[in-house]
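Quick note on labels: first sequence line is chain A, next is B, and so on, each numbered from 1.
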There are 2 protein chains.
Amino acid sequence: MNISALTPAEARELIRTGQWTKPTSGMANGYIQTNLAVLPKELAFEFLLFCQRNQKACPIIDVIEAGSAVAALSAADANVKTDIPKYRIYREGKLTEERNEVTDLWTDDMVGFLIGCSFTFEEALMNNGIPIRHIEEECNVPMYQTSIQCTKAGQFEGPMVVSMRPMTEDQAIRAVQVTSRFPSVHGAPVHIGDPSKIGINDLNSPDFGDAVTVKDGEIPVFWACGVTPQAVAMNVKPSLVITHAPGHMFITDLKNEEFSIL
Amino acid sequence: MNISALTPAEARELIRTGQWTKPTSGMANGYIQTNLAVLPKELAFEFLLFCQRNQKACPIIDVIEAGSAVAALSAADANVKTDIPKYRIYREGKLTEERNEVTDLWTDDMVGFLIGCSFTFEEALMNNGIPIRHIEEECNVPMYQTSIQCTKAGQFEGPMVVSMRPMTEDQAIRAVQVTSRFPSVHGAPVHIGDPSKIGINDLNSPDFGDAVTVKDGEIPVFWACGVTPQAVAMNVKPSLVITHAPGHMFITDLKNEEFSIL
């Protein structure tokens, strides 16, 4: 099966019917995939404000209001409670369970946030001839907690998590241009070069994901990462939080290219 | 007095001490000025979500959380309850009062939204040699209600209000480029040319502001306007809303150019 040629609706149906339970990387090429974070309604304003204040790390693609289960603006025909291959359930900030659907848990007093992910700008980078090392090495992107503090909103605060892609200096210049076109999906890098300047001691020991090879003549390029809002939300220890499992994203009907501003 | 050369802090002090009570256009050149909308806390999530879903019309620059009076991210030394030359008070959606300060009205259960205004991209247009007709004619920008519906959020819904600037076709192309650099302060135009396509019957009869001359060989260029969120908020008829009076903006410490993404 050529999963890259599936329409978003076809991909979601495979997932909903249990025929696809693996990560969604490479499915329905060209369409926005998102992180999911579902929180109790009483935290929704502060969390939305946190995302608004930290847009590079927390690019909101859609918000599913309390009492609704429909991602009206990004995938009106989808069922967000069943159309992700794997969900994670956190209680009081602790992972307690993984599931294939969350129909009974997502009640009318929960608000769902769909947050952009790096697949969008990685596709743009590859279209520009910039290779993505973790895709070449078939592993997860390396992610690091940094010394960059997010802008606080209510109870939500904490350090920015970044993802890293090594490339040549020339490629880094082009990467700044290419990703600047997508300000609402992480946008331009937050740092280039010396990792210690943003509090990263060892590139070979990422806090999340896998280490990748940095070749001679390459520099690390760092982007704000959508893991940030989840990490920050867990610090608040809400009674219940539902998220996607890493790599198991929600596939929307929105095209990546619609999110470029130029 | 050369008001364009004032620092934002100097301009705000003139306003706070009652030495400046007029519109703020042309003050503290180069710095972001904002609209103000203060709403009861129970409406804050839905209003923030409305702004998030309609970013071209409602570009959030800062949010003053309940219990605070400090625009921490945009003008930490300012007093937003006194530093605007003229405020308007709306009760149940009706204008009931104008005032020079709102210290007693802005209570701990109100949330303040600072929303970007068109001064930012007008400065960029003028720096690119594109004349702004309403500045040449020393009147307010013409604004029109359109047939473009905003994306609903909770109780907040209604038509987009646009502002219009006439220019030549060549200037319109350059204007698209220049304002695309500022996606978080209204961004690119929403329409160029035939006004009837967005429900405007007569350019000479704006719904807000003043009509301006459209010369032979010019086309109208329309941008989403920051009046939109206020108009939409009034439809909900909140018990109390505090806004700036038209043209009497809040002057922040943020530079316009910081909001360009390229």
Side-chain angles (χ1 to χ4, degrees), chain A residues 39-56 58-68 70-74 76 109 111-116 149-157 176-189 258-262, chain B residues 39-56 58-68 70-74 76 109 111-116 149-157 176-189 258-262:
Chain A
L39 285 85
K41 187 180 172 184
E42 69 262 24
L43 294 172
F45 172 69
E46 288 185 0
F47 188 70
L48 182 59
L49 185 57
F50 181 84
C51 293
Q52 198 279 328
R53 286 182 174 165
N54 298 280
Q55 289 186 40
K56 279 198 141 180
C58 318
I60 296 283
I61 302 295
D62 203 351
V63 176
I64 301 157
E65 294 173 69
S68 170
V70 180
L73 305 176
S74 60
D109 62 348
V111 176
F113 297 83
L114 297 176
I115 297 168
Q149 284 301 307
C150 291
T151 305
K152 188 177 189 293
Q155 304 169 69
F156 293 94
E157 62 185 317
V176 170
Q177 294 175 321
V178 168
T179 57
S180 292
R181 295 178 60 231
F182 294 91
S184 58
V185 201
H186 297 309
E258 292 177 62
F259 280 70
S260 78
I261 58 115
L262 282 177
Chain B
L39 283 84
K41 186 180 173 184
E42 70 262 24
L43 294 172
F45 171 69
E46 288 185 359
F47 188 70
L48 181 59
L49 185 57
F50 180 84
C51 292
Q52 198 279 327
R53 287 183 174 165
N54 298 280
Q55 290 185 39
K56 280 198 141 180
C58 318
I60 296 283
I61 303 295
D62 203 352
V63 176
I64 302 156
E65 293 173 70
S68 170
V70 180
L73 305 177
S74 60
D109 62 349
V111 175
F113 297 84
L114 298 175
I115 296 169
Q149 284 301 307
C150 292
T151 305
K152 188 177 189 294
Q155 304 169 68
F156 293 94
E157 63 185 317
V176 171
Q177 295 175 321
V178 168
T179 57
S180 292
R181 297 177 60 230
F182 295 91
S184 59
V185 201
H186 298 307
E258 291 177 63
F259 279 71
S260 79
I261 58 115
L262 284 177

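The distance from the OG atom of Ser184(A) to the CD1 atom of Ile61(A) is 6.0 Å, given to the nearest 0.5 Å. How far CZ of Phe156(B) is from SG of Cys150(B): 12.0 Å, rounded to the nearest 0.5 Å. Interatomic distance, CD1 of Ile60(B) versus SG of Cys51(B), reported as 4.0 Å (0.5 Å rounding).
Among residues 41-49 of chain B, the residues having any heavy atom closer than 4.5 Å to a heavy atom of chain A are, in sequence order, Ala44(B), Phe45(B), Leu48(B), Leu49(B).
The minimum heavy-atom distance between Leu114(A) and Ser74(A), with the atom names listed, is CD1-OG, 3.7 Å. Shown here for Phe259(B) and Pro183(B), the closest heavy-atom pair between the two residues is O-CD, 4.5 Å. Across every non-hydrogen atom of Pro189(A) and Thr179(A), the tightest pair is CD-OG1, 3.6 Å. Across every non-hydrogen atom of Arg53(A) and Lys152(A), the tightest pair is NH1-O, 3.0 Å.
With a threshold of 4.5 angstrom between heavy atoms, Thr151(A) approaches chain B through side-chain atoms but not through N, CA, C or O. Looking at Val176(A), neither its backbone nor its side chain comes within 4.5 Å of chain B, counting heavy atoms on both sides.
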